[in-house]
K.L.:
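Mind having a look at this structure? Questions to follow.
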Amino acid sequence: MSTLVIVGSQWGDEGKGKITDYIAQESNVVVRSQGGNNAGHTISFDGEKFALRTIPSGIFNPKIKNVMANGMVINPKQMLEELEGLEQRGIKDYQLFISNRAHVVMPYHQDLDGAYEQFKGDKKIGTTKRGIGPCYADKANRIGIRICDLIDPIIFKKVLKDTLTIKNMELKMLGIPEYDFDSLYNEYVEYGKKIKPFVCDTSLLLEEEIEKDSKILFEGAQGVMLCLDHGTYPYVTSSSPTGASVPLNAGIAAKNINNVLGICKAYTTRVGEGPFPTEIEGELAGYIRERGHEYGTVTKRPRRVGYLDCVALNYARRVAGINYLSLMLFDVLSGLDKIKICYAYSLDGKIINTVPASLDEYYRCKPIYLEMDGWNEDISNVRSFEELPLNAQKYLRKIEELTKTEIVIFSVGPDRLQTIKLKEFF
Ligand code: IMP
């Protein structure tokens, strides 16, 4: 049995799409198990660039089964547009399976996302405003609409009627225009018809694949520090992007998860609000932001930039079960005289090595750095560890030492060819 979970080990945007695409070439199945179109996975190959939001990264390879599992929240309108966009660019031969238990993001979820953010004022989360939080909230509140409801016009009518009564009351209370049942139903029932051919019980499909000993890749969205349970709550997303969440979100047994590959940048970024101890500003932040194209795939917001935070990375390793690392955007750091790595925090004069639960405490954490010599060489054409300048080799080894985790891949540019695998692990 061979399964691999890909997990963002920082605050998202670590380059999971690229590594998923790279490893997907060896996989039989690629699964997205949480989140929705708040994610933005950029994949480049053959000189072309694709930005995926909801659809799994194996979609470009006709041999790969792509699964959108039960833990996802799916905006059917956006998902169909994404699929049409891919088809228009020649991606027509694909295999896609959507869980009948996944939840549907409705337009009122997006309205509510925007309204909550507005009401929170300067305490806003900085969400992607895609309705993800309100959709998961309805799921937990047992007033959500599932894909199995959407694709059956009779059931959908009944479920939408009940739900919309409640949601319209909520919208009215917040001063947001209510939805007319008929027009919402008529629009969404059509999406249901288009989606229906892809819908199945994906847990059954995965069981069959596990029995066949297929290679299954679970593609995480967001990052561990944005996990609803283990992230910097409340500045988090509304699902859990850890290895432990995969069995629940995909309907498989926990014992089927073999390996968890944590994807991390050679530095740190974060979008949205919340604590970020190693954040830097000014010229250096600008240098890294421009070289790393650190602007949101979904929202285009400039990302906050900082030094590599090995306390947060170690925390992510522990709570997400990471046993390998992939170091991304390594080339971005070329040209720096000195590079810092945070290996501990100082909290009110005490040295700590973990992420505190209290946000107030986390805001008070000051990073403790070690400083390393940088390198000037352009490393984007490097194709092996040995070709890296000595200081870059030392930087990579230092991260392994501080995180007690082996780096099995490093990446020096956006193309598939700029991905250097140091060890077979899948
Ligand atoms: P939401 O997931 O839209 O509710 O946003 C909650 C937080 O997660 C915000 O800080 C977002 O910027 C962040 N977030 C959500 N999805 C991603 C992602 O794919 N990459 C990076 N940050 C994300």
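Numbering of ligands and ligand atoms starts at 1, following listing order.
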K.L.:
With no hydrogens and no angle check, is any side-chain donor or acceptor of Asp149 less than 3.5 Å from a backbone partner on Arg146?
P.N.:
yes

K.L.:
Filter on salt bridge (charged side-chain N to carboxylate O under 4.0 Å, His left out), then keep only pairs touching residues 414-426, sequence neighbours left out; what's left?
P.N.:
Asp21-Arg416, Glu26-Lys421, Glu406-Lys423, Lys421-Glu424

K.L.:
Side chains of Thr163 and Tyr108, heavy atoms from C-beta outward: is any pair under 4.5 Å?
P.N.:
yes

K.L.:
Do any N/O atoms on Glu273 end up under 3.5 angstrom from N/O atoms on ligand 1?
P.N.:
no

K.L.:
Counting non-hydrogen protein atoms only, what is the nearest one to atom 11 (C) of ligand 1? Give residue, atom name and distance.
P.N.:
Gly126 O, 3.5 Å

K.L.:
Relative to atom 13 (C) of ligand 1, which among Thr232, Thr237, Leu226 owns the nearest non-hydrogen atom?
P.N.:
Leu226

K.L.:
Taking the six-membered ring of Phe426, is the NZ or CZ of Lys215 close enough (under 6.0 Å from the centre) and on axis enough (within 45°)?
P.N.:
yes

K.L.:
When you measure from atom 5 (O) of ligand 1 to every protein heavy atom, which one gives the shortest distance, and what is it?
P.N.:
Thr127 CA, 3.4 Å

K.L.:
Is the closest heavy-atom distance from Arg301 to ligand 1 below 4.0 Å?
P.N.:
yes

K.L.:
Please check if the distance between the ring centroids of Tyr188 and Tyr191 is under 6.0 Å.
P.N.:
yes

K.L.:
Can you tell me which portion of Trp11 lies within the under-4.0 Å heavy-atom range of ligand 1? Options are side chain, backbone, both, or neither.
P.N.:
backbone

K.L.:
How far is atom 20 (N) of ligand 1 from the closest protein heavy atom, and which atom is that?
P.N.:
Asp13 OD1, 3.1 Å

K.L.:
Using the ring pair (Phe, Tyr, Trp, His ring centres under 6.0 Å) rule, collect all pairs that involve residues 289-308, keeping only residues at least two apart or in two chains.
P.N.:
Tyr307-Tyr369

K.L.:
Report the nearest protein non-hydrogen atom to atom 15 (C) of ligand 1: residue, atom name, distance rounded to 0.1 Å.
P.N.:
Gln222 CG, 3.7 Å

K.L.:
Given Val236, Thr269, Val271, Thr128, which one has a non-hydrogen atom that is nearest to atom 6 (C) of ligand 1?
P.N.:
Val236

K.L.:
Tell me if the centroids of the rings in Tyr235 and Trp11 come within less than 6.0 Å of each other.
P.N.:
no

